[in-house]
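Count residues from 1 along the sequence.
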Amino acid sequence: MEIIKPNIEKIEVNLLERIGQQIGYMIYPYSNIKNLKDQFQKLGNKRHGVQLEIDAAKRKGEIVATEVQSWVEKVDNISEELQRFLEEDVKANKMCLDGWCPHLKLRSYSLSRNAKKKTLEVDGLLKDGQFAEVSRPPPPPGMGSLSIIMDFESRTKTLKEVLEALRDDKINMIAICGMRGIGKTTMAKMVKKRAKDDKLFDEVGIVQTLDLKKIQDQIAEMLGLKFDEKYPLARAKRLKKRLMDSKSILIILDDVWDALDLEAVGIPYGGQYNSCKILLTSIREEACTQMKSQKIFKIEVLSEEEAWNLFREMAGNCIDTPNLHPIAEAIAKECGGLPIAIVTVGRALEKKSEVEWSAALQQLKNAIPKNIPGLDSKVYSCIELSYSSLKSDEAKSCFLLCCLFPEHIFIEFLVRYGVGQRLFTKIDTVAEARNRFHAILKNLKRSFLLLDSEEGEQFVKMHDVVRDVATSIAENQGILVRYNEKMEEWPEKDLCERSTAISLVSKELKRHPDGLECPKLELLQLHLCGNHTWQTLLPPNLFKGMNSLKVLSLLGMSLPSLPQSIHFFENLRTLELFDCELADVSAIGELSKLEILSIIGSRIKKLPGEIGYLSHLKLLDLTGCFYLERIPAGLLSSLSHLEELYMLGVSHVDWEPMEDNKEEEEEEEEEEEASAGLAELMSFSHNLMALQIQIPNIKVLPKDLPFKNQTIKFQIFAGYMEEIDADNYVKIFDYIFKNSLALGRCDGSDIAESQTLLQLLPKSELLYLFEIKDLKNIMYELDKEGFQCLKTLEVHKSEDIEYVINATSHQNMRAAFPVLETLKLGKLRNLKEIYHSYSHGRFPKRSFSDAKAQQQLACFSNLKSLQLSQCMGLKKVFSLSIARGLVQLQKLDIVRCVVMEEIFPKEVEDEKELNEKKIMFPQLTHIELRGLPRLIGFCTDVGPIELVQLSLNQEVGRIGTNGLTNLEKHNMTDIQQNFGSISESTPIISHKLFSSNTILWPLNLENLDLRKANSLEVVFDLKGLKVDEYCQRIVVLAQLKTLIVKSSSKLGHVWKNVPRGIQGFQNLASIEVFKCDHLRYLFPPSVAKLLVELQSIQITLCSAIKNIVQEDGEEEEADIIFFPKVSSLTLQNLPNLVSFCIEAYSFEWPSIKHINLSDCPKLKTIGSEIQSPRKLKKINGELDSRPHEPRLGSPSFLGRCLECVPCLKNNGPMAMTDQGTTDKSQRSYSVKKEVTLTKPKNIKIGDIDNPSEIRSLFPSYMIECLKNLETINLQNCGSLEVIFEHEELNVGESHVASVLDQLRKLILCQLDNLMHIWKKGPEKMSGFENLSLLKVSGCNSLTYLFSSSVAKLLVMLEKIEVTHCEKIEEILARAGEEEEENDVLFCKVNSILLEDLPSLKCFSQETNAFEWPLLKEITVIKCPTLSTFIPSNLNTPKLKRVYDELPRGQRRTCHWKGDLNATIHHIYKGKEKQVDNETGQQEQTKTINNDM
């Protein structure tokens, strides 16, 4: 019987639970259906939110995660089913004879049961819908489609482990190891991205070089640090200091071959430098071990399934055909699971025939292994196959040219080398060759033989594995490539003499052979890649045996003259002298076949006249020759075949003036050699295809220079160009440029009279005007056709300009600026309107009746960025009728436009049109409004204006305000605020940035920055926004991420009139409010509950704020306000702040890490002033704000079931007694033993607020939620009395309260009324085990720091500082009667500072033993009543000194008398005895350095 008894009991329990479950379906049919409806609503909201994120991701070009797409499909499927269930079945049940149907009970039972099951399904989907990220950005530059590898399980697992290791505070260095081509760099780049996205570090950077100085430079660039030091040791010291000052930083050192001396670089490493972490990638595990990597993660080859999936992605679906499938499988296996092999082979065979596939398989099987260190032979074979699969010899030659360069490959070099070598047939111009090259490079990138470069679109790069294979292939074809930084001389003579191309790249190349016989050599590249140039005397016969040379490239050399043997270059077509120091280069004139001459970035003062002999020259590049001063007259006119001329950065050339200006300078030039003039361009203007030139003013530019080539590319900078934006205009090495004109410091009439400029203006894509006089109307004075090609227009400091477009001055109705993307207007004092017409800034009304005319008038329809600064006369941006066309606008910045009243005002004529057309700015993501003192709204006249009566008993009036100007409306509010007492009928117009209508226009807004808008009273006023509980809820600013509001003196509300049930703001991550003195609170609870992504709250200098959260009208019922992701809370200089919230709410902060409160003298708690209902509940189990019903199957549950059975006769909502009511407005339950819940009715401040009650900053219920809090900084908060309240912590017999176990720093300064840091709590409490710094200063009501029960928790405490506290008598209080006396171990404390503590008697009066194993330093200053440290055994093995002064410079005095107590006694009591000569001992005083 005893054996079967447990089984019987188990059966009874299970049976009881099943019976309870079935009865529950009968008792709670409507409850289950209501729960289903609620959860279905939540699922719909979640689905909508995810869809918004998906849409935003797609707009940004991001890739939506597969699991997200799958989840959306599941939700859509179940939603249709649930909709039918709720609409048909439930509705039919309610209509069944109005509840008198005899089958109603059974039907209700069935519905209830189904509802319960469906609710569980919905709950599962809601749980599955908690995505860490909905999408991922496109691959970082250089990764290409290789990023697909990171989706494989083998990689995601490693990525997760790496990120976990980086989160570990005990780990400083980790490494990723694996063979070449396995995906280490791809993994490192993904780690960098995830670390940034997850905000694991403040700064993350990847370094891809082994050169010590370059490593320093790349890290410094990441940090924004500029080195003044020249020597590596000094740079390392500076870099180390900067890295140590960083809060947290991750440095990724990619492709480390040998152990790197981090100290020499300046990277701090070790346990004491937790803020700086290092990630290595290497093929050599031993190198990582030597560098003391604490964890090494090995990347293995892909699994067979992963390899096949990747191969299929690269090769396409063609491999699924029956004939190809087995061949494809065999080729995939030959790739050996190596990503780079799979990718290159897959792309090489994409869209190839079956014969080609078979041949490729045979080639891979028969491949002869190559011995390249660290490279798998399969990788070599696969890349070689990809190379051999290239369709043309041109593509193969381009690929091999790329291996001449060690890292990033400058495409223009390839173009010019290719032209010189005649790589392309049937191509006559350099521009055609350039286009062909770019097309080939695009295909090479698609084949993964090349990658995008982080340096920009002018560069490409090779994966180091591909480069090694390419170099090996090139050597088989006679191409000699050497990259060796320490190589001082050329390779072996016989190796050079049989080469067709030689590339030598080194820092130390000094010795050159005097004569080589290289009859096949066509290309020679000698690059000194160091940061200095040597006086390089090339031997006179160096080039003697190179008669076939076509391309010569010299970089980084100092050449007094070119070698005499240069005249042997009968076939030389391309000569590159890059970053060289040149003196006499007149020998260039002998190169009769030269077509390309580049003297880029070289030091040369005068071009030799002999260059004029180069009659075949097609391209002359003098870019960056900053020291060039003179070009001889007639030189340019001699180059009759010139196609491209590049002279950006050549700003000191003394050009010959035009005829009109010759007389002024004739006398000065009589004694000097004649200079070239730009009129010489006429001799080759018919051939000219590219012109980049920088001239002092437009007067040296011929007025009638004809450009016959309609496709000419040009960049002409005329005038003082210092203020030109470097990103747009001074990319002087940019050969993929937009047609640009930058004209400065001239008269508008000079531009209008220049036929040269007038023929270029309509073709310009970028126009910059700076200090232009006598120009009023930009469009119709410069281009009457409306700048049909212009993409960027910037106008600055041109004070005569009144309009960008003045439609009244010209009858041409063609659309102006149809492709304009960027408009920047700055310091235009007299600018009245951007678009001016007869209709006051709107298009003529008649045009809208004609669809064709309307299309022609699509001005600014492509505008993406609009930036206005210091336009002092501008009252508006555009009228609303024009603004409605700005559907591409992404960025709107308006700064210091002091009379700006509205952004897009509505004109009277717009009314009908706006009613018919919806205004939307779907691409607008950024709005910045600064220094707009008269701004009263984004658009104020949309809909009726709300007029707030002074009498609260009167209704809100709503009237039209067409009779008032914006200025009059503005003044009405000014009068009200200045004079105060106004009759009750006087309306006050609320000035709001966004109304309930306009807030829906920028539906994808991400950043809003509002500063110095002193007329605005509300940011978001949602009065009138319609919210339908039964239909799709309106979502407001769902993509908003950052909100900044500063220095707006009249702002009273950020959010106002928020309707119940609103959705939105769910992606807001950061809120910063500064100096808004009328603001009384930040947001209402209805908004607070929406901010599920909020991470940072910062409020500073807002004198009127009393609470952060405050109810705004009718609010939805809630007990808890949950901030799931807030990590930082900063409240500073808020003199009237009392609490976080006045109403009875509980706040939960599960992610908060940093709390900084300063200068809040009235602050008592960051909880609620009124105790929340949650605090009044007593629950044995886990704290929960929701009413608890007994568990199904429990005795309590069955008891309630029996009580409720008679109620089943009432065929409607159940009637219940006081123990339970179904009234929606109030529910309270009382269940014996297990749960006691009470909820106060109509709590008022006066009912609960007790002046004598001690308030704690962190109440007990809140402390348990702060599981990730790391730092607390409290300063000048004079009303605080208790920091941590522990009395009501949730502790049971088997439960130990663990609180604040991540807290590391606690800083308390100037808290005059603080009586307790830790208020007495339960004995079974744990926590605070990571607190390392405790700093207390100026707390004059504090008598002790902590009790022994708290002290025992502080196992990681390292530093204690207590200063300027008048009443402190002891640091550690004696244990109470109920507390046990145990030994106190301060295992980690190494430093104690006690200063200006006039009441301090001792550290502690405890008599039990103390252990201080690491204590090294104690400083005691101005503690006159201190007689002893501890009246008990004291173990301080490392303590040898006690200081009585703070550090001054490098030295200070210390004392030591054998042990700590004796030394303390000697310092404060022994001084009197010394005076009386009562002791024979002399004080041992010594002077030591601070760091001893």
Side-chain angles (χ1 to χ4, degrees), residues 57 60 62-63 65 131-143 146-147 149-152 154-178 183-209 215 218-225 242-256 262 265 267-269 273-282 288 291 293-299 454 1041 1069-1070 1093 1095-1096 1125 1127-1128 1151 1153-1154 1268 1270 1302:
K60 296 175 183 176
E62 295 184 343
I63 302 167
F131 303 110
E133 52 184 21
V134 169
S135 62
R136 53 183 170 84
M143 284 180 66
L146 282 172
S147 62
I149 300 168
M150 296 309 301
D151 291 333
F152 294 145
S154 63
R155 296 316 189 248
T156 55
K157 180 182 177 183
T158 304
L159 178 63
K160 183 179 179 181
E161 291 173 350
V162 169
L163 292 171
E164 286 177 357
L166 290 174
R167 289 186 177 96
D168 192 335
D169 292 335
K170 298 176 183 178
I171 295 177
N172 298 96
M173 183 187 294
I174 62 176
I176 298 173
C177 292
K184 300 182 298 298
T185 299
T186 302
M187 177 71 73
K189 289 180 178 178
M190 192 57 67
V191 169
K192 175 185 175 183
K193 177 193 172 301
R194 285 290 303 273
K196 279 186 172 181
D197 292 347
D198 297 349
K199 294 182 171 56
L200 298 183
F201 301 90
D202 293 323
E203 295 162 305
V204 182
I206 188 167
V207 177
Q208 294 177 306
T209 179
I215 293 174
Q218 288 187 24
I219 296 175
E221 183 179 356
M222 175 181 70
L223 300 171
L225 176 67
R242 173 64 178 83
L243 289 171
M244 289 174 65
D245 290 340
S246 299
K247 288 184 179 179
S248 61
I249 186 168
L250 173 63
I251 297 174
I252 302 173
L253 300 175
D254 188 32
D255 200 17
V256 175
L262 297 177
V265 176
I267 300 176
Y269 172 69
Y273 303 119
N274 288 327
S275 62
C276 182
K277 295 198 175 188
I278 302 155
L279 170 63
L280 311 174
T281 72
S282 178
C288 301
M291 294 179 68
S293 295
Q294 292 155 288
K295 274 198 173 184
I296 296 177
F297 300 93
K298 295 181 181 179
I299 299 185
E454 295 86 350
K1041 294 178 181 177
S1070 173
E1093 292 291 329
Q1095 298 173 23
S1096 173
K1125 292 190 177 181
S1127 61
S1128 175
S1151 301
K1153 291 184 177 181
H1154 310 288
N1268 290 295
E1270 295 179 3
Q1302 295 300 317

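The CD atom of Glu1270 lies 11.0 Å from the OG atom of Ser1128; values are rounded to the nearest 0.5 Å. Thr158 OG1 to Lys298 NZ: the interatomic distance, rounded to the nearest 0.5 Å, is 12.5 Å. Of the inter-residue distances, the one linking Asn172 atom CG with Leu166 atom CG reads 10.5 Å to the nearest 0.5 angstrom. Separation of atoms CD1 (Ile267) and CD1 (Ile219) is listed at 4.0 Å; rounding is to 0.5 Å. Here Glu164 contributes atom CD and Leu159 contributes atom CG; the two are 10.0 Å apart, rounded to the nearest 0.5 Å. Here CD1 of Ile252 is found 7.5 Å from CD1 of Ile176. Values are rounded to the nearest 0.5 Å.
Of all non-hydrogen atoms in Cys177 and Ile296, the two that sit nearest each other are SG-CG2, 3.8 Å. Scanning all heavy atoms of the two residues, the minimum distance from Ala175 to Cys288 falls at CB-SG, 3.6 Å. Residues Ser248 and Phe201 share a closest heavy-atom pair of OG-CA, 3.3 Å. The shortest heavy-atom contact between Ser293 and Leu280 is OG-CD1, 3.5 Å. Considering every non-hydrogen atom in both Leu250 and Ala195, the closest pair reads CD2-CB, 4.3 Å.
For Glu203, the side chain to side chain contact (heavy atoms under 4.5 Å, CB included) partners are Leu223, Arg242, Ser246, Ile249, not counting sequence neighbours.
With hydrogens and angles ignored, the 3.5 Å screen pairs a side-chain donor or acceptor of Gln294 with a backbone N or O of Lys170. For Ser1151 (side chain) and Ser1127 (main-chain N/O), no donor-acceptor pair under 3.5 Å exists by modelled atom type. Judged by distance alone, the side chain of Lys184 and the main-chain N or O of Ile299 form no donor-acceptor pair under 3.5 Å. In this structure, the side chain of Thr281 does not engage the main chain of Thr185 through any donor-acceptor pair within 3.5 Å. Without hydrogens or angle criteria, Lys277 side chain to Ile171 main chain gives a donor-acceptor distance under 3.5 Å.
Residues Gln1302 and Asn1268 bring no donor and acceptor atom of their side chains to less than 3.5 Å of each other.
With salt bridges taken as basic N to acidic carboxylate O contacts below 4.0 Å, one links Arg167 and Asp198. Electrostatic pairing of Glu454 and Lys189 counts as a salt bridge here, judged by a charged N lying under 4.0 Å from a carboxylate O.
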* **Test side chain to side chain contact (heavy atoms under 4.5 Å, CB included) applied to Gln208 and Asp255, step by step** => CA-CA 7 Å; Gln208 294 177 306; Asp255 200 17; over 6 Å; no
* To do: Go through the steps for Lys157 and Lys160 under the test side chain to side chain contact (heavy atoms under 4.5 Å, CB included), then give the verdict.
  => CA-CA 5 Å; Lys157 180 182 177 183; Lys160 183 179 179 181; 5.8 Å; no
* To do: Would you please test Lys199 and Gln1095 for side chain to side chain contact (heavy atoms under 4.5 Å, CB included) and show each step?
  => CA-CA 11 Å; Lys199 294 182 171 56; Gln1095 298 173 23; 3.4 Å; yes
* Test log, rule side chain to side chain contact (heavy atoms under 4.5 Å, CB included), inputs Arg194 and Leu200 -> CA-CA 8 Å; Arg194 285 290 303 273; Leu200 298 183; over 6 Å; no
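Glu221 CD: 12 or fewer foreign heavy atoms inside a 6.0 Å radius.
Met291 is listed as a side-chain neighbour of Val256, based on a closest heavy-atom distance under 4.5 Å. Residues Leu262 and Met173 are in side-chain contact: their nearest non-hydrogen atoms beyond the backbone lie under 4.5 Å apart.
For the side chain to side chain contact (heavy atoms under 4.5 Å, CB included) with Leu279, the lone residue among Ile174, Leu253, Ile251, Val204 that qualifies is Ile174.
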